[in-house]
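The figures that follow rest on heavy atoms only: side chains count, while hydrogens, waters and symmetry mates do not.
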Amino acid sequence: MFYQSTRNKNLHLSSAEAISQGISSDGGLFIPSEVPTLTEADLIALQDMSYPEKASFVLSKYLTDFTEAELRYCTEGAYNTKNFDSESIMELAHLFDGRYMLELWHGPTCAFKDMALQILPYLLTVSVKKLGIDKKVVILVATSGDTGKAALEGFKNVEGTSIMVFYPAHGVSAMQKLQMTTQEGSNVSVCAIDGNFDDAQTGVKKIFTDSEVLKKLDDGGMMFSSANSINWGRLVPQIVYYVSSYVELVKDGEIKMGDKLNFCVPTGNFGNILAAYYAKMMGIPVGKLICASNSNNVLTDFIRTGVYDRNRKFYTTISPSMDILISSNIERLLFLLSGGDDEYIRSLYKDLSETGRFEVSDEIKSKLNEIFYADYCTDEETKAQICSIFEKYSYTMDTHTAVASKVYESYVQATGDTTKTVIASTASPYKFSASVLGALGCDADGADEFEMVKLLEEKCGVPAPESLASIKDKTVRFTNTVAPDKMSDAVLDFLF
């Protein structure tokens, strides 16, 4: 297995090279040259494996330059009860009407990003060692809330690395901000920007290709890599939990081997649902992939019309991790759907850079509608869904999961498709206590973030994760805010 760039299919890199670099020098994203398959015999065997064993099995299909021992080291180091509060690592909650909540937030930062960012430091450090690189790896991250904390937690005090995270000053929840600004570790830095997530993501991508900055790093014995889902090493572990959820439901007798299963995924940067598409291409019997957005519905419009247009109003919502208008992983999807036409991808992204929009061919539009269904919901609909599911099932959702749950119901109403469906539950409700309490009709006026956590505990009867409750006693370390055009200066100040 080798890796190409979405903008240069003639590149032939190993997975270790792709993971260590993070992003191609041409601005494209690394993508495997082929999609491996899972046979029915593989799926049967996977049923009796632990989560680390499943992860090793699936990752071995993509990371063919890693030895079996190296993969075991990575998966066992990441997926254990020291890092996750569940022996299963992920949990499937059954809501008794053909829908299942795939809880991906049992890790140290209570968000689905832990599923990939607990293993990425292992994959990255092994990759660097395999390649004989004698440089410090500097991780740059743009976050809309969850990736930043998960990356900081994964890379804190990891030898041979430093990590800097940028987040929108007014675009994350109070708990998300506290998680990042109180981060411990001698090799970490956090900085807010005056702008939104797209400004942060664009700024990070520019720094990766800034020749002056790159020369300074090289002179200082350092190199950049990424922990965002632009890095294949961040995306490939996410395929595992879709494979795992299918085989678990077969093992539990909820579905039969070969039965189709829909997945509904709340997504902003498109990486989480792209991982589900890879699972489908590998042979998991997936019916429809349902793409759920909030009011920043650029993905809804794109899947419905084939027009990607970021020239629109940006909304700050109660599901802030999805407040994104530039979805990086669409580029990987389009490379796949175009049959690996790198020239076509370059032209689309030239249009996006120059005009803020592009339109795909009729053939790709047809493929999009065959594979995906897309819809969105407003903040008010999100709140109503949190309340409805709590009243019906005594199940408490965060705001992002609620977006997916509402879009799933809209999908059933629009199509009549009652295929059993897994909804990706991407964060603990305690990360968004104020919004969840408001949705449940609880009066939290005057309460601080930690008092709201207590109120939510009383309301839903489920203990808050210790990792969130303990933040109350931690010191805020990072208070700096910069303009987007000063991000490179902030990076250099941190490193030198």
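- The backbone N or O of Tyr411 sits less than 3.5 Å from a side-chain atom of Thr415, completing a donor-acceptor pair.
- In this structure, Thr181 and Arg477 have side chains that are not in contact, with every pair of non-hydrogen atoms separated by 4.5 Å or more.
- The shortest distance between side-chain heavy atoms of Asn296 and Lys313 does not fall below 4.5 Å.
- With a 4.5 Å cut-off on side-chain heavy atoms, Phe390 and Val436 do not count as touching.
- Ser24 places no side-chain N or O within donor-acceptor distance of the main-chain N or O of Gly27, the cut-off being under 3.5 Å.
- Looking at Tyr308, its side chain does come within 3.5 Å of a backbone N or O of Ser327 through a donor-acceptor pair.
- Although no hydrogens or angles enter the test, the distance criterion places a donor-acceptor pair under 3.5 Å between the side chain of Ser127 and the main chain of Leu123.
- Although no hydrogens or angles enter the test, the distance criterion places no donor-acceptor pair under 3.5 Å between the side chain of Asp194 and the main chain of Ala483.
- Between Lys216 and Glu212 there is no salt bridge, since none of the side-chain N atoms of the basic residue sits less than 4.0 Å from a carboxylate O of the acidic one.
- Between Glu331 and Arg346 there is no salt bridge, since no side-chain nitrogen of the basic residue lies less than 4.0 Å from a carboxylate oxygen of the acidic one.
- Using modelled atom types, no side-chain atom of Ser319 and backbone atom of Met322 make a donor-acceptor pair closer than 3.5 Å.
- Note: Trp232 and Tyr3 have tilted aromatic rings, judged against thresholds of 30 and 60 degrees for the angle between ring planes.
- Between the side chain of Gln201 and the backbone N or O of Asp198, no donor-acceptor pair lies under 3.5 Å.
- Closest of all the heavy-atom pairs between Val453 and Ser433 is CG2-OG, 3.6 Å.
- At least one side-chain heavy atom of Asp309 sits under 4.5 Å from a side-chain heavy atom of Arg312.
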Side-chain donor-acceptor pairs under 3.5 Å in residues 270-278, sequence neighbours left out?
| residue | atom | partner | partner atom | Å |
| --- | --- | --- | --- | --- |
| Asn272 | OD1 | Gln238 | NE2 | 3.3 |
| Asn272 | OD1 | Tyr241 | OH | 2.5 |
| Asn272 | OD1 | Tyr242 | OH | 2.9 |

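- When all heavy atoms are compared, the tightest approach of Ala414 to Tyr373 is CB-OH, 3.7 Å.
- The side-chain heavy atoms of Cys110 and Lys149, taken from C-beta on, include no pair separated by under 4.5 Å.
- Checked against the 6.0 Å centroid threshold, Phe224 and Phe208 count as a close aromatic pair.
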inquiry  = I'd like to know whether Tyr167 forms a side-chain contact (heavy atoms from CB on, under 4.5 Å) with Met180, so could you lay out the CA-CA distance, the side-chain angles of the two residues, the decisive distance to 0.1 Å, and finally the verdict.
reply    = CA-CA 9 Å; Tyr167 70 94; Met180 289 186 283; 3.8 Å; yes
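- Nearest heavy atom pair, residue Val298 against residue Leu325, reads CG1-O, 3.8 Å.
- The shortest heavy-atom contact between Tyr395 and Ala93 is CE1-CB, 3.8 Å.
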key: Intermediate values then yes/no, side-chain contact (heavy atoms from CB on, under 4.5 Å), Val190 and Phe166   = CA-CA 6 Å; Val190 178; Phe166 292 97; over 6 Å; no
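- Shortest non-hydrogen contact noted between Leu124 and Ser20 is CD1-CA, 3.6 Å.
- Taking the centre of each ring, His400 and Phe112 stay at or above the 6.0 Å mark.
- Judged by distance alone, the side chain of Thr300 and the main-chain N or O of Asp375 form a donor-acceptor pair under 3.5 Å.
- The backbone N or O of Lys288 lies less than 3.5 Å from a partner atom in the side chain of Asn262, making a donor-acceptor pair.
- At a threshold of 4.0 Å, the pair Lys472-Asp448 does not count as salt-bridged, since none of the basic side-chain nitrogens sits closer than that to a carboxylate oxygen.
- In terms of modelled atom types and a separation under 3.5 Å, the side chain of Thr401 and the main chain of Thr426 share a donor-acceptor contact.
- Asp398 and Ser428 share no donor-acceptor pair across their side chains, judged by distance under 3.5 Å alone.
- In terms of heavy atoms, Arg332 sits closest to Ser229 at NH1-O, 2.8 Å.
- A salt bridge links Lys215 to Asp219: one of the charged nitrogens lies within less than 4.0 Å of a carboxylate oxygen.
- Crowding of Glu343 atom CD: a count of heavy atoms from other residues, nucleotides or ligands under 6.0 Å not exceeding 12.
- The pair Glu359-Lys365 counts as a salt bridge, with a side-chain nitrogen and a carboxylate oxygen less than 4.0 angstrom apart.
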